[in-house]
Structure formats: C-alpha cells, structure tokens
Amino acid sequence: MVDVSGKDVTARRAVAAARYVTRPDVIALLRDDALPKADVLTTARLAGIGAAKRTSELIPLCHPLPLDAVSIDLDLTDDAVLITATASTSGRTGVEMEALTAATVAGLTLHDMIKAVDPEGTLTDVRLLEKSGGKRGDWRRQGSAGEGGAGEAGAGEAGPEVHHRDVRGGAVRPRTAVVLVASTRAAAGTRADETGPTIAHWLAAYGLAVDEPVVVPDAEIGQALASALADSPALIIITGGTGVSPSDRTPEAVRAVLDTELPGIAEAVRERGRAATPTAVLSRAVAGIARGTVLVALPGSPGAVRDGLAVLEGSLDHLLAQLAGGGGHD
C-alpha cells in the first residue's frame, strides 16, 4: 500500500456513474415496482452503499476509509437506468474507488434482479465524473456536467429520491447557526459580500447564535460545509453557487451530505422569486437535513436571499422544534 501518512487530512468527495441498459418494457416494470423481485431500486441502492463501505476488502491495496456519506441516485430513461454514486470522507487519500465500487455493485444488483425478464441487460459506461479535495484539488471529467442520476439538473422520472447515509457527528447545538458564502470573487476581495451579513443579521434577530459569515471560493464550498457540519449547528444557510455555470457546485456539495431532502423549501423560494424575476426558475436552490442540522442553500443575489429568508420565516421554528423532538405530528 502507498504510504499516505505524510498527506494532509482534507474533506474529499467523488462522484461516479454507470449505465444499465435494458428494454423499455423492463423500465416500465421498474417504474411500477412490478418485477418478480420487488423493491429493485431500493435494493440496488443499499447494495451500492454496502459495497462502498467494503471497497478495501474487494480491491487489493485500497486504504480503508471512514466514510462520512454515501448516496446512490437512480434515474430511469426510456431504455436505461442511470446510476450516480457519491462518496465523501475526511482523510488522507481519495474516495474515488469507493464511488466507483458503489456504482458498479448497484448496477450488478440491478442485473441480478432484472435478468429473469431480460438476460441481455448490460452494465456499461462505468466512470469517474468528478473528485474534490487533496493535493490535486478539484477534477471533473470533460463534458460531465448534467450527467448522472436524480441528483443532477434535468433528471428523469426516477420517483422520490432516496438516500441512505452514515450519520456521524455529535448532538446538534440548539439555536445555533452558520452562514457560508460561496463566491470566488468575494473570497478574493474583488467584490463585496452583501448577502452573508444580511443572513447573519436576520438569524440574530430570529434568536439564533451566529458568527461572522464564512466566505469561500466556489470550489471550496464542500470543505467549508464539512467543517461547519463538524460543529453540529442547528442550521446552516449557504448563499451562492446555485446557478448553472460550471463553477456553481453548491447543490452538489449539499446533496452529498444530506440524509433527507426538503424540496418544498427550495420550490417555495423559486416560486416566490419567479413573480419578480422569471429567471428564478433556473435556480438550483436546495434544502434538507444532514446529521440533524438543517441545510438551506440559496442563490447569491440579495433579492433571492430575501425571498429565502421570507420562506423560512414561516417554517423554521416548526422545523427546528420537530428535529429537537417536539412539535411533530404522529
């Protein structure tokens, strides 16, 4: 094994993909959960997650890694299942093999459950899409934007997104919040950050303890988010990096750590903004829960931030109370 003891411990993330090609009638059976072996998609997801955890046992000379999160997204097209596996860790070596192993085993599980009706089904196009962290920094396969499964823009009809993750970290600290600003220009000092202070002021007025906003380049939002989650705040609000340019990676960083997505919040933010700005429909704002912490990623414009805070105004107390064990519904 390669000696990695001299490397720095950093937040690392990798996304891999694969394609399982089958007949359109089989895809229809998958959509209806009507195959002889039921719960095919859920089983494939679980198999991929389990494989990621055992990568070092399956592939010689791979280092055992403490995985922070693993997710499998399955997107149904007319004649294929698109598989996207995302793995993240905080360590001295990359997590690419875990993501690739997860995508591959999820595809093999699909074949095992589909072969009774389509023995010619084919697992193909296993590949690494992107990685971040470590000495070499970020890398993305050329032309990979928009590839993959339900986690990407333009996804198909895979049904409700399901994530299964290793939940780590301590107890959430009540009434605490962190503000992260993803802006390469603001981090470099060439543009003033207007949105971070607005959010921090609103949170303080709302009664949450919050420090100064943390401003990072777009490419470093994943590491900043991992660091913020390690402190277990009740709420993290991110602004910026939710557009469609190649440097906008905030939604991917957020989804990589989510245990549960809250699509209603993001939908409400887009709907509120659409009344004044038609291009608000292009926003990839996202919200959810990770290790008991509420995550909300808003666009970087002041207007979109105001819209997002207005949406949270009516739901944040109830959401935090539910997560704390009170105010819920049976």
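Reckoned from all heavy atoms, side chains included, excluding hydrogens, waters and symmetry mates.
Taking a 6.0 Å sphere around CZ of Arg54, one finds it holds 12 or fewer heavy atoms contributed by other residues, nucleotides or ligands. Other residues, nucleotides and ligands place more than 12 heavy atoms under 6.0 Å from the CZ atom of Arg23. Other residues, nucleotides and ligands contribute more than 12 heavy atoms inside 6.0 Å of the CZ atom of Arg173. By the 6.0 Å contact criterion, CG on Asp78 is open, its count of non-hydrogen atoms from other residues, nucleotides or ligands being 12 or less. Atom CG of Asp211 sits in a sparse spot, with 12 or fewer heavy atoms from other residues, nucleotides or ligands closer than 6.0 Å.
Scanning all heavy atoms of the two residues, the minimum distance from Ala219 to Gln223 falls at O-OE1, 3.6 Å. The nearest pair of heavy atoms linking Ala85 to Ala103 is CB-N, 3.7 Å. For Val95 against Ala87, the heavy-atom pair with the smallest separation is CG1-O, 3.3 Å. Contact between Pro302 and Glu194 at its shortest, heavy atoms only, is CG-OE1, 3.7 Å. Of all the heavy atoms in Gly222 and Ala253, the pair that sits closest is CA-CB, 3.9 Å. A pairwise comparison of heavy atoms in Ala200 and Pro213 identifies CB-CG, 4.2 Å as the closest pair.
Between Val105 and Thr101 the shortest side-chain heavy-atom distance falls below 4.5 Å. The side-chain heavy atoms of Val117 and Pro36, taken from C-beta on, include a pair separated by under 4.5 Å. When side chains are defined from C-beta on, Ile289 counts as touching Leu323, because their heavy atoms get closer than 4.5 Å. Using a 4.5 Å heavy-atom threshold, the side chains of Tyr20 and Leu74 count as separate. Side-chain atoms of Leu295 and Ile238, non-hydrogen and from C-beta on, never get closer than 4.5 Å to each other. Within the 4.5 Å cutoff, side-chain heavy atoms of Arg31 are placed close to those of Leu76. Thr242 is not listed as a side-chain neighbour of Val286, based on a closest heavy-atom distance of 4.5 Å or more. Contact check for Ser90 versus Asp68: side-chain heavy atoms found under the 4.5 Å cut-off.
To the nearest 0.5 Å, atom CG of residue Leu312 and atom CD1 of residue Ile237 are 5.5 Å apart. With rounding to the nearest 0.5 angstrom, the CZ atom of Arg45 is 9.5 Å from the CG atom of Leu110. The OG1 atom of Thr55 sits 7.0 Å away from atom CE of Met97, with the distance rounded to the nearest 0.5 Å. Between the OG1 atom of Thr104 and the CD1 atom of Ile83 there is a distance of 8.0 Å, given to the nearest 0.5 Å. Distance check, rounded to the nearest 0.5 Å: OG1 of Thr176 to CG of Asp231 gives 9.0 Å. The CD1 atom of Ile114 sits 5.5 Å away from the OG1 atom of Thr22 when rounded to the nearest 0.5 Å.
A salt bridge links Arg249 with Glu130: at least one charged nitrogen is closer than 4.0 Å to a carboxylate oxygen. Of the charged side-chain nitrogens involved, none lies within less than 4.0 Å of a carboxylate oxygen, so that Asp73 and Arg255 do not count as a salt-bridged pair. Ion pairing between a basic and an acidic side chain is recognised when a charged N comes within 4.0 Å of a carboxylate O; Arg272 and Glu267 show no such pairing. A salt bridge is absent between Lys115 and Glu120: the closest approach of a Lys/Arg side-chain nitrogen to an acidic carboxylate oxygen does not fall below 4.0 angstrom. Using a 4.0 Å cut-off between charged nitrogen and carboxylate oxygen, Arg19 and Asp79 do not count as a salt-bridge pair.
Side-chain atoms of Asp39 never come within 3.5 Å of backbone atoms of Thr42 as a donor-acceptor pair (strictly under, hydrogens ignored). In this structure a side-chain-to-backbone donor-acceptor pair under 3.5 Å is present from Asp259 to Arg291. The main-chain N or O of Thr279 is never found under 3.5 Å from a side-chain atom of Arg274 such that the two would form a donor-acceptor pair. A donor-acceptor pair under 3.5 Å is absent between the side-chain atoms of Arg13 and the main chain of Ser88, judged by distance alone. Looking at Ser283, its side chain does come within 3.5 Å of a backbone N or O of Ala285 through a donor-acceptor pair. Between the side chain of Thr293 and the main chain of Pro233, a donor-acceptor pair closer than 3.5 Å is present. In terms of modelled atom types and a separation under 3.5 Å, the side chain of Arg140 and the main chain of Pro246 share a donor-acceptor contact.
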Next on the checklist: Quick one, Val294 with Val296, criterion side chain to side chain contact (heavy atoms under 4.5 Å, CB included). Give me CA distance, side-chain angles, the key distance, then yes/no.
Outcome noted: CA-CA 7 Å; Val294 177; Val296 180; 4.1 Å; yes
Item to check | Trace of the side chain to side chain contact (heavy atoms under 4.5 Å, CB included) decision for Thr86 with Val70 | outcome: CA-CA 6 Å; Thr86 304; Val70 181; over 6 Å; no
Next on the checklist: Walk me through whether Thr84 and Asp75 qualify under side chain to side chain contact (heavy atoms under 4.5 Å, CB included).
Outcome noted: CA-CA 8 Å; Thr84 306; Asp75 181 24; over 6 Å; no
Checklist entry - Is there a side chain to side chain donor-acceptor pair (under 3.5 Å) between Thr109 and Asp112 once you walk through the steps? => result CA-CA 5 Å; Thr109 303; Asp112 179 56; over 6 Å; no
Checklist entry - Between Leu100 and Val126, does a side chain to side chain contact (heavy atoms under 4.5 Å, CB included) hold up when you go through it step by step? => result CA-CA 7 Å; Leu100 285 162; Val126 178; 4.1 Å; yes
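Residue Thr239 forms a side-chain contact (heavy atoms from CB on, under 4.5 Å) with just one option from Thr198, Thr195, Leu180, and that option is Thr195.
At a threshold of 4.5 Å between side-chain heavy atoms, the hydrophobic network of Ile, Leu, Val, Met, Phe, Trp and Tyr places Val81 and Val21 in two separate groups. Under a hydrophobic clustering in which Ile, Leu, Val, Met, Phe, Trp and Tyr are joined whenever their side-chain heavy atoms come within less than 4.5 Å, directly or via other members, Leu262 and Leu316 fall into the same cluster.
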